[in-house]
Chemist: 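Have a look at the structure that comes next, please.
Residue numbers begin at 1 in each chain, while the letters A, B, ... track the order of the sequences. Note that this is a predicted model, so its numbers are computed, not measured.
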Amino acid sequence: MTDISMEKTYSPQGTEQGTYAKWEQSGAFTPRIDDSKKPFTIVMPPPNITGQLHMGHAMDCVLQDSLTRYHRMKGEPTLWLPGTDHASIATEVKIVEKMAQEGLTKEMIGREKFLERAWEWKSEYGGQITTQLRRLGASCDWSRERFTMDEGCSQAVREVFVRLYEQGLIYRGDRIINWCPDCLTALSDAEVEYEEVPSQLWYVRYPAKDGNGGIVVATTRPETMLGDTGVAVNPEDVRYAEFVGKTVLLPLVGREIPVVADAYVDKGFGTGAVKMTPAHDPNDFEVAARHNLPILRVINDDGTMSENAGEKYAGMTRESCRKQIVEELTQGGYLIKVEDYTHNVGTCYRCRTVVEPLISRQWFVSMSPLAQPAIKVVREGETRFLPERFEKVYFNWMENIRDWCISRQLWWGQRIPAWYCGTCGETIVSRDDPTICPHCASADLRQDEDVLDTWFSSALWPFSTLGWPDETSDYKYFYPNSTLVTGYDIIFFWVARMIFSGIAYTGKPPFDTVLIHGLVRDAQGRKMSKSLGNGIDPLEIIDEYGADALRFSLCMGISPGNDTRFSKEKIEAARNFANKVWNAARFVLMNLDGQEELDGKTLESADKWILTQTEKAISDVSEYLERCDHGLAAQRIYEFAWNDFCDWYIELAKSDLFGDDLERQAAVRAVLQYVLSALVRLLHPFMPFLTETVYSLLPRHEDNSCMLAPWPEYRADLMFEAEAEKMAGVMDVIRAVRNLRAELKVQAGRKARLLLRPQSGWHETLLRAEPYFLRLAGVSHLQMLSNDESFTDKVVSAVLPNSEVLIPLGDLVDMEKEIARLKKEEENLANEIARGESRLTNEGFLSKAPDQLVQTERDRLEKNKTMLETLRHRITGLTV
RNA sequence: GGGAUUAUAGCUCAGUUGGUUAGAGUGCCACGUUGACAUCGUGGAGGUCACUGGUUCGAGCCCAGUUAGUCCCACCA
């Protein structure tokens, strides 16, 4: 017996952090570039430096780490590249909030000081995040850790910006954009979230020039009428045909505005006439462009009404101005009616403020030339989504894409590399900071104040992190990446943009596979959020249950792309599983002698059975991991470890292990060692800490790391299907005996005799299984009955395909009950036979079903008939 | 308006190209200190696979429709 000291209960708290430190110090997270091997690369979706990691990050991390560990064990040079995201707007908002507590504003301290604070923030929170990732066991290559605003990433950003500008794909223009009046910046379309809000639809009469009649328009935003420069109707609408080309008067303001005909207007909605506010509505803006309507901006950046709105309203908020306008319209007799109306309003995805569409001069990326090839690579399967259905989401977005507004009126981020000449007005976009204007040689240059959308740099992450635009060895070897793992919530923000960016700048799509996972919800299925206060801190879970338990619980029972619930029950189940494996290992290790060697051993059925189960598990788990199906893989390992190995094999092994046959002992030890070693390695991607500890305790593995151990290889020579089936038959008998005993409520300690009447071919197997019956079924002694040998004592019995099981229990047996029970069995069996017969007399089944299935059905029917006969014989014997 | 997705045991969820009598965890009931583990063991109860129709020799799975929920996109003022 090996002398080992393993606690009775696995306690992760004492070992995990030390194990991680050892891994990290060993340098094993850093892959060796080997041109003869294909690498496996994952870049981590960089968490925002705005705060701590939540459960969603934990899941993201766990899925990536299991893939990483699996591929590393398979011997592929595996790179999982970590990093963090500067999260321009989100971080800036946080810093501003924090400064407000000190009574400071951005303007008070200025850009430079502000950026100093931002970098301090980065080093504090960025560090917290990487600490958390380590606690989770993330085996990423910290030597390659990146930040979206580090020098290299910023250089890549600059390169891309300049290239696109030179290609004419980046332009600056006055267009309607989404403006957040609270964050005081432009937003891209993707950054606006729509919310249904109950509101009203106001019907307002715009009188004709003489003050009478006119046109009634319907609007959800009466306050914007101050910026109206026209009214539009449908060209085919006879009701308004006479007005087209004429003008109406804008109430309260008295401005004369033209009536135009445009197909955009829906005759059926409202009154069929729409007021045009080109400066504050994207559709109106387009109509205005077609009809040369003037653009009048009446809302300021901060959401208040501007000078253009008129002296009376200037400075009012949008909300109070609306009230005021409605009141005045009512008084003036212009308000015809008000209807309740629910509509969607856009809100800022960071601060939830209602966004204001307004016309503004911003930088844009021209999307349609970039989108086309990005659609193609997915269409043609060069890049695939898992699950596949997310491709539809992707196509839908890409095919309807609009130009991307990339400038943000913020300070924290990559500054737009554009300079304006104060002398000649020239715009200079260049890779190096210009000192004089190339057009007029003036030195009066001013850099654009704005920064780029955070997602502009995230879009380059798969290659900017590897050194691009330089042709570094990392870039050449690890790009394109293999798999990208992320949640479905950022397909548009991030995945789509990486794909078109990768193709446009590197010529290759950035990864082959996009694995999309769902959200982690709370036990009630609600989204975890700060406002609900139902978020769970992964670190608290790790402290209480261990990282392995957390990891396993995040993998178990998940289905690709679907949301999952996090519950106490789940984490406890995972913790219990860790303990189970720990104890199985503890038992095995207590019984090993360090000389285990499977080859050359004489194996019995039980050994062959567990080896066969092991090979099947190896093959299944490998396949599931290849398919990135963590849920099935975890489930499969769980079953194998708990049911096959612990519940059956270890128990079966005990009779040999504690028996006198030294050869059997040695064989069983070798099998235990082999299976445990395979099990631990299969489990390692999911429970790295536990398995690392156990693996190092295995004989001759003192200095070996499970993390670097070879992934278990499927061995066809250890598959013993026929023997395994025999063993399964023995297990059926054991189960039947247990069942009978339990039904009769036989005390566990009370042994009973077991009589078996085997079917042909089973005598030897069952006879040899006697020790198993004794140990696992509470049997005192086995007696084999021949076919014609009758047995009429008081017995309970069961009929199995391989034998008739009889247990004489004397007065414990209530013969009435026993007969009733057997009759029920008889009925079930008869039904089963009837079902089989109807199938086998069905012409359609016989002619169309696969031959093999028909044969199976025949065999089964045959077997059932024999069993029924035995059962009837038994019943007759008892009733006579 | 368009699309996706979910509906399977009390609860949480699996169920690969259609093929035995639909599985697991958890909860529940009964029994149990059998030389790893009570974070355990053994046994048990518990399901018209949302509904309707269709295809098929055969449907939880495929098709059509219905109902209920969740989500995404679009943004008719």
Chemist: Within this structure, what is the CD1-to-P distance between A:Ile558 and B:U6, rounded to whole angstrom?
Modeler: 15 Å
Chemist: Checking all strands, does A:Arg526 fall into the base, sugar-phosphate, or nothing category for heavy-atom contacts under 4.0 angstrom?
Modeler: nothing
Chemist: Between A:Glu356 and A:Arg221, is there a side-chain N and carboxylate O pair less than 4.0 Å apart?
Modeler: yes
Chemist: Name the nucleic acid region contacted by A:Leu846, choosing base, sugar-phosphate or nothing; use a 4.0 angstrom heavy-atom cut-off, strictly under.
Modeler: nothing
Chemist: Between atom CG in A:Leu829 and atom C1' in B:U20, what is the gap in whole Å?
Modeler: 13 Å
Chemist: Nearest to the side chain of A:Lys848, which nucleotide is it out of B:C71, B:U56, B:G25?
Modeler: B:U56
Chemist: How are the rings of A:Trp642 and A:Tyr638 set relative to one another: parallel (under 30°), tilted (30 to 60°) or perpendicular (over 60°)?
Modeler: tilted
Chemist: Quick one: does A:Asn344 reach the base of B:C75 with a side-chain donor-acceptor pair under 3.5 Å?
Modeler: yes
Chemist: Quick one: A:Lys527 NZ to B:C71 P, roughly how many Å, whole number?
Modeler: 8 Å
Chemist: In this structure, how many angstroms lie between the P atom of B:U70 and the CD atom of A:Gln524, rounded?
Modeler: 16 Å
Chemist: Taking the C1' atom of each, how far is B:U48 from B:U8, in whole Å?
Modeler: 12 Å
Chemist: When the C1' atoms of B:A59 and B:A22 are compared, how many Å lie between them, rounded to an integer?
Modeler: 12 Å
Chemist: Stems involving RNA chain B: give each as a range paired with a range, ordered by first number, where a stem means at least three consecutive Watson-Crick or G-U wobble pairs under 3.5 Å.
Modeler: B:1-7 with B:67-73, B:10-13 with B:23-26, B:28-32 with B:40-44, B:50-54 with B:62-66
Chemist: What integer number of Å spans the P atoms of B:G19 and B:C31?
Modeler: 41 Å
Chemist: For the P atoms, the ones on B:A74 and on B:G18, what distance do you get once it is rounded to whole angstrom?
Modeler: 36 Å
Chemist: Base, sugar-phosphate alone, or nothing: which one does A:Tyr638 contact when heavy atoms must sit under 4.0 Å apart?
Modeler: sugar-phosphate
Chemist: Any side-chain N or O of A:Lys392 below 4.0 angstrom from OP1/OP2 of B:A4?
Modeler: yes
Chemist: When you match A:Thr271 and A:Trp397 each to their closest nucleotide on RNA chain B, which lands nearer the 5' end?
Modeler: A:Trp397
Chemist: Protein within reach of the bases, or only the backbone? For nucleotides 33-45 of chain B, mark each nucleotide 5' to 3' as B, S or -, using heavy atoms under 4.0 Å.
Modeler: --BBBSBSSSSS-
Chemist: Backbone N or O of A:Gln665 within a donor-acceptor pair of the A:Asp656 side chain at under 3.5 Å?
Modeler: no
Chemist: Distance-only, no hydrogens or angles: does the A:Arg669 side chain make a donor-acceptor pair with backbone N or O of A:Asn591 under 3.5 Å?
Modeler: yes
Chemist: Between B:U21 atom P and A:Glu825 atom CD, what is the distance in whole Å?
Modeler: 16 Å
Chemist: Closer than 4.0 Å, any side-chain N/O of A:Ser559 to the OP1 or OP2 of B:A14?
Modeler: yes
Chemist: Starting at atom OH of A:Tyr624, determine the distance to atom P of B:A24, rounded to an integer number of angstrom.
Modeler: 15 Å
Chemist: Taking only the P atom of each, what is the distance from B:G65 to B:G2 in whole angstrom?
Modeler: 13 Å
Chemist: Can the positive tip of A:Lys654 be found less than 6.0 Å from the middle of the six-membered ring of A:Phe587, inside 45° of the ring normal?
Modeler: yes
Chemist: Across the strands shown, which category fits A:Asn562 at heavy-atom distances under 4.0 angstrom: base, sugar-phosphate, nothing?
Modeler: sugar-phosphate
Chemist: Contact class for A:Arg389 vs. all strands (heavy atom < 4.0 Å): base, sugar-phosphate, or nothing?
Modeler: sugar-phosphate
Chemist: Does a distance-only test, which skips hydrogens and angles, find a donor-acceptor pair under 3.5 Å between the side chain of A:Arg565 and the base of B:U12?
Modeler: no
Chemist: Examine B:A77: is either OP1 or OP2 under 4.0 Å from a nitrogen or oxygen in the side chain of A:Tyr341? Give yes or no.
Modeler: yes
Chemist: I'd like the P distance from B:G35 over to B:G41, given in whole Å.
Modeler: 15 Å
Chemist: Should A:Glu223 and A:Arg318 count as an ion pair when the cut-off is N to O under 4.0 Å?
Modeler: no
Chemist: Given the P atoms of B:G60 and B:G23, what is the spacing between them in whole Å?
Modeler: 13 Å
Chemist: Could you tell me whether A:Glu832 contacts a base, only the sugar-phosphate backbone, or nothing, with contacts defined as non-hydrogen atoms closer than 4.0 Å?
Modeler: base
Chemist: Tell me every residue that passes side-chain contact (heavy atoms from CB on, under 4.5 Å) with A:Glu339, counting only those two or more places apart in sequence or in another chain.
Modeler: A:Leu201, A:Tyr203, A:Lys337
Chemist: Rounded to whole angstrom units, what separation is found between the CD1 atom of A:Ile571 and the P atom of B:U26?
Modeler: 14 Å
Chemist: Would you be so kind as to tabulate the donor-acceptor pairs closer than 3.5 Å made by side chains of residues 266-278 of chain A, with sequence neighbours excluded?
Modeler:
{"unit_1": "A:Asp266", "atom_1": "OD1", "unit_2": "A:Gly268", "atom_2": "N", "d": "2.8"}
{"unit_1": "A:Thr271", "atom_1": "OG1", "unit_2": "A:Val216", "atom_2": "O", "d": "2.4"}
{"unit_1": "A:Thr271", "atom_1": "OG1", "unit_2": "A:Ala273", "atom_2": "N", "d": "3.3"}
{"unit_1": "A:Lys275", "atom_1": "NZ", "unit_2": "A:Thr224", "atom_2": "OG1", "d": "2.7"}
{"unit_1": "A:Lys275", "atom_1": "NZ", "unit_2": "A:Asp228", "atom_2": "OD1", "d": "3.0"}
{"unit_1": "A:Lys275", "atom_1": "NZ", "unit_2": "A:Thr277", "atom_2": "OG1", "d": "3.0"}
{"unit_1": "A:Thr277", "atom_1": "OG1", "unit_2": "A:Asp228", "atom_2": "OD1", "d": "2.7"}

Chemist: The criterion is ring-ring contact (aromatic ring centres under 6.0 Å, His included); which residues satisfy it with A:Phe492, sequence neighbours excluded?
Modeler: A:Trp397
Chemist: Which residue, A:Tyr488 or A:Lys570, contacts RNA chain B at a nucleotide closer to its 5' end, judged by nearest heavy atom?
Modeler: A:Lys570
Chemist: Which whole number of Å gives the distance between the C1' atom of B:U56 and that of B:C75?
Modeler: 45 Å
Chemist: Counting N and O atoms only, with roles assigned by atom type, does the side chain of A:His343 sit under 3.5 Å from a partner on the main chain of A:Thr220, one being a donor and the other an acceptor?
Modeler: no
Chemist: Examine A:Arg322 relative to A:Trp202 and say whether NZ or CZ is less than 6.0 Å from the centre of the six-membered ring and inside a 45° cone about the ring axis.
Modeler: no
Chemist: Answer with base, sugar-phosphate or nothing: what part of the nucleic acid does A:Pro282 contact at a heavy-atom distance below 4.0 Å?
Modeler: nothing
Chemist: Once you round it to whole Å, what is the distance between P of B:C71 and CD1 of A:Ile491?
Modeler: 16 Å
Chemist: Considering residues at least two apart in sequence or located in another chain, which fulfil the ring-ring contact (aromatic ring centres under 6.0 Å, His included) criterion with A:Phe390?
Modeler: none
